[in-house]
Protein chains: 2
Amino acid sequence: MPPLASGLLGALDPTSDRAVFRQIADQLREAIDKGRFREGDKLPSETELVEHFGVSRMTVRNALSLLQQEGLAVSEHGKGVYVRPRPPVRRLASDRFARRHRDQGKSAFTVEAEAAGSRPEVDGLEVKEERPSPDISARLGSPRKVLARRRRYLLDGRPVEFATSYLPLDLARNTPIAQPNPGPGGIYARLEEMGHRLDHFDEEIRARMPTPAEVRTLRLASGVPVIHLVRTAYDVDGRAVEVCDTVMAADAYVLAYQLPAT
Amino acid sequence: MPPLASGLLGALDPTSDRAVFRQIADQLREAIDKGRFREGDKLPSETELVEHFGVSRMTVRNALSLLQQEGLAVSEHGKGVYVRPRPPVRRLASDRFARRHRDQGKSAFTVEAEAAGSRPEVDGLEVKEERPSPDISARLGSPRKVLARRRRYLLDGRPVEFATSYLPLDLARNTPIAQPNPGPGGIYARLEEMGHRLDHFDEEIRARMPTPAEVRTLRLASGVPVIHLVRTAYDVDGRAVEVCDTVMAADAYVLAYQLPAT
DNA sequence: CTTACCCACTCGTCTATACGAGTATGCGTG
DNA sequence: CACGCATACTCGTATAGACGAGTGGGTAAG
């Protein structure tokens, strides 16, 4: 009549030189991999693991902390430690900025989310004139000031992405782009209407652990990295007309690109 | 004559409801951000922090562990905890598979690394015939067996990437592709010589924390995610002729793509 | 001068204990 | 029946202590 742990977990190997907390983590990880615990399942409580393995609580906590760092588990204060559920991912296709996707009245994010059956939301919109950071400045050809458009994107109430667009101020001031809602097709449609025919985009992708501020705004579980994407839009004259700096919850995205073989 | 900590770190706020170990982590993080500790610098030892803040050692270790999870610090047994050095990143451009890059006698990795002044190395090459996993099988059009080419890439002795190419066995068996060294221009050059003219590549990019096995093969510090890239090569008939599954140390890479605005 | 060892210092692992704070459940009261 | 509180469970934070293991420097022996 072992309640939980004993049925699904084995014993420690005292002859092994592998640390006890690592052995416990190994067993839990294996149990998760093999499906003995499934997404969203509650793992045995710290107390149960203490009793099952005959170790102190800190050792058990060390093991659970390892699993959380690996992104396999999340703890919820007062409730328990759970196998981390894999949220549905949003697929970003490399043709998402093609002109044919700009003709609708809604934003690309909204259209796409509704097509996928999710409830899209945009949050914390903020439009400001700023002095650019050195990096943004360099990418935009060293304008003295820029227009910054910040916003957060949510799917079904969950924040998934935080983005800031920067445009040279001389180009954006007193245009629809400086309005909270730039209108159908977004700022790329407005840029083209204003005579800046777009030629191509450069995208740079990095992955790293989030800063504490990013953990807050994206409500990230520990063990979840962020994808940092910086996109620069160029017009047909070769001028950089916009830089979009995006930080995405890595467990919510898969980026897809198609490359010619030429 | 405060040796280290006192000069660079402040005091705790006992009225704050922020946990003590978080306050300590905040102070260290701020000191790192402001450059008071620089890349590779040694942070104050656990003992010094214990004395400076008047807390127990576990509290200090908790704070340092937070910084490591964030990727800001690395600890070295017997030596100390250091501000994590940012290694040079390798830039992967989206045109790296263009035919014009396939004419040299060396592999793309080697050419590019030497151009960047690094010493490239390829490791643990392994060529095997296998039954494909369900995912690989689906991408390749459900072949019964595949040829798998595994290898690890290193720059200046540091592992940065681990990749496996899968090809339908009927296509690769008894060809140069099944040899350890497929020859100049790599397997894409061989495929084209064999009449499979390449049309385009699909790339899927994810980021996540590494598995324990990936931590070992890439010698990853804690707090460093991996970029998981899956590339599928299609010939002009629309047939998937290769899938390349790559796991990269995220702190060693930035991926760059160029997208048309059409 | 070189080698070998010792020692001091570092972080790693583990125990035992205590209290605080969030959550859920059930029971008793109104 | 509904509400509120007590309670028992969860994880979070913090202390104090012990021993182990890796590193590096200095000292003593050869």
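Quick note on labels: first sequence line is chain A, next is B, and so on, each numbered from 1. What's counted below: heavy atoms across the whole structure, side chains too, no hydrogens, waters or symmetry copies.
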Interatomic distance where [atom1] belongs to [X] and [atom2] belongs to [N] [whole Å]:
{"X": "A:R57", "N": "C:dG20", "atom1": "CZ", "atom2": "C1'", "answer": "11 Å"}
{"X": "B:D17", "N": "D:dT13", "atom1": "CG", "atom2": "P", "answer": "12 Å"}
{"X": "B:E48", "N": "C:dT10", "atom1": "CD", "atom2": "P", "answer": "6 Å"}
{"X": "B:K79", "N": "D:dT23", "atom1": "NZ", "atom2": "P", "answer": "7 Å"}
{"X": "A:L49", "N": "C:dT15", "atom1": "CG", "atom2": "P", "answer": "13 Å"}
{"X": "B:F53", "N": "D:dA14", "atom1": "CZ", "atom2": "C1'", "answer": "16 Å"}
{"X": "A:L66", "N": "C:dT13", "atom1": "CG", "atom2": "C1'", "answer": "13 Å"}
{"X": "A:M58", "N": "D:dC11", "atom1": "CE", "atom2": "P", "answer": "13 Å"}

Nearest to the side chain of [X], which nucleotide is it out of [options]?
{"X": "B:E46", "options": "D:dT23, C:dG12, C:dC19", "value": "C:dG12"}
{"X": "A:A19", "options": "C:dC14, C:dT23, D:dG22", "value": "C:dC14"}
{"X": "A:F21", "options": "C:dT13, C:dC11, D:dC11", "value": "C:dT13"}

Report yes or no: is there a donor-acceptor pair, N or O only, under 3.5 Å between the side chain of A:R22 and the base of C:dG12?
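Check fails, no donor-acceptor contact within cut-off.
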Is any side-chain nitrogen or oxygen of [X] closer than 4.0 Å to OP1 or OP2 of [N]?
{"X": "A:T59", "N": "C:dT15", "result": "yes"}
{"X": "A:T47", "N": "D:dT10", "result": "yes"}
{"X": "A:R61", "N": "D:dG12", "result": "yes"}
{"X": "A:S75", "N": "D:dC11", "result": "no"}
{"X": "B:S56", "N": "D:dA16", "result": "no"}

Between A:V20 and A:G78, name the one whose nearest nucleotide on DNA chain C is closer to the 5' end.
A:V20
salt_bridge([X], [Y]) N-O dist < 4.0 Å:
{"X": "B:E76", "Y": "B:K42", "result": "no"}
{"X": "A:E204", "Y": "A:R206", "result": "yes"}
{"X": "B:D251", "Y": "B:R84", "result": "yes"}

Closest contact, heavy atoms only, B:R158 versus B:A249:
NH2-CB, 4.1 Å
Can you label the angle between the B:Y153 ring and the B:F109 ring as parallel, tilted or perpendicular, going by 30° and 60°?
tilted
